[in-house]
Amino acid sequence: MTGFGDRILGLGLLVLAVAYGWAAQQWPEPFGGAEGVGPETFPTILSVVLVAGSLYLMIKPDPDARWPLGKSALELLVSVLVLVVYALLLEPLGFVIATTLAVGTLSWRMGAAPKRAFLTGLGSAVVVFVLFNYGLSLSLPAGLLEVH
């Protein structure tokens, strides 16, 4: 049964993508009418990418796929934990701080030097924050950095 694990993962991701995409479409229409780019835009794009990736896994699975064991499995669990903590801290800490910590930690776990990993996380967070808040007028949570 080569590729069976990839097909199971693909099916699970497909269900997640459809649920996520549906939830993204539940945002109420803003006062004054619909906009070309609204709060549902980014989650919708993510769900489309996730649908494409999950379909690829189901249609063309890796014939030599083996579930990771030992250190690789632990690294994957740490990555999932970092993403869960990121989702929980996004609102209270704010996008820039939470993203810096998440991207920095994941980059460091992938082999980058800690200083370089967290500087990459900070740079990425600031660029995306500025792009979304000022370029697209889609507010991301400022959290602890909010100016009153």
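What you see is a predicted model, and the numbers here were worked out from it, not measured in a lab.
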Asks: By side-chain contact (heavy atoms from CB on, under 4.5 Å), which residues pair with Y56, not counting sequence neighbours?
Replies: K60
Asks: Could you check whether the rings of F129 and Y134 sit parallel, tilted or perpendicular, using 30° and 60° as the cut-offs?
Replies: perpendicular
Asks: Nearest 0.5 angstrom please: L9 CG to R7 CZ, how far?
Replies: 12.5 Å
Asks: Give the minimum heavy-atom separation between A17 and V51, together with the two atoms involved.
Replies: CB-CG2, 3.5 Å
Asks: Could you list the residues that satisfy side-chain hydrogen bond (donor to acceptor under 3.5 Å, both in side chains) with T99, not counting sequence neighbours?
Replies: Y86
Asks: Suppose we screen for side-chain hydrogen bond (donor to acceptor under 3.5 Å, both in side chains). Which residues come up paired with E91, at least two apart in sequence or across chains?
Replies: none
Asks: Start with the C-alpha gap between V85 and L101, add the side-chain angles, then the distance that decides, and say whether side-chain contact (heavy atoms from CB on, under 4.5 Å) holds.
Replies: CA-CA 10 Å; V85 170; L101 293 173; over 6 Å; no
Asks: According to a 4.5 Å side-chain heavy-atom criterion applied to Ile, Leu, Val, Met, Phe, Trp and Tyr, with indirect links allowed, do V82 and M110 form part of one hydrophobic cluster?
Replies: yes
Asks: Say whether, by atom type as modelled, one donor and one acceptor occur between the side chain of S47 and the main chain of T44 under 3.5 angstrom.
Replies: yes
Asks: From L11 CG over to L55 CG, what is the distance, rounded to the nearest 0.5 angstrom?
Replies: 10.0 Å
Asks: State which residues pass side-chain contact (heavy atoms from CB on, under 4.5 Å) with V126; sequence neighbours excluded, sorted by chain then number.
Replies: V96, L122, V130
Asks: Taking all atoms of both residues into account, what is the closest heavy-atom pair of V78 and R109, and its distance?
Replies: CG1-CG, 4.5 Å
Asks: Got a sec, which residues hit side-chain contact (heavy atoms from CB on, under 4.5 Å) with L46, two or more places apart in sequence or on another chain?
Replies: Y20, F42
Asks: In Å and rounded to the nearest 0.5 Å, what is the CG to OG1 distance from L83 to T105?
Replies: 10.0 Å
Asks: What's the separation between atom OG in S54 and atom CG in L14, rounded to the nearest 0.5 Å?
Replies: 4.0 Å
Asks: Once you round to the nearest 0.5 Å, how far does CD1 of I8 lie from CG of L57?
Replies: 12.0 Å
Asks: Restricting to side-chain hydrogen bond (donor to acceptor under 3.5 Å, both in side chains), what partner residues turn up for R116, sequence neighbours left out?
Replies: none
Asks: Which atom names give the shortest non-hydrogen contact between L89 and A98, and what distance separates them?
Replies: O-CB, 4.0 Å
Asks: Please tell me whether L93 and L106 are part of a single hydrophobic cluster in this structure, the criterion being side-chain heavy atoms less than 4.5 Å apart.
Replies: no
Asks: Please step through side-chain contact (heavy atoms from CB on, under 4.5 Å) for the pair V103 and F118, ending with a clear verdict.
Replies: CA-CA 7 Å; V103 171; F118 286 96; over 6 Å; no
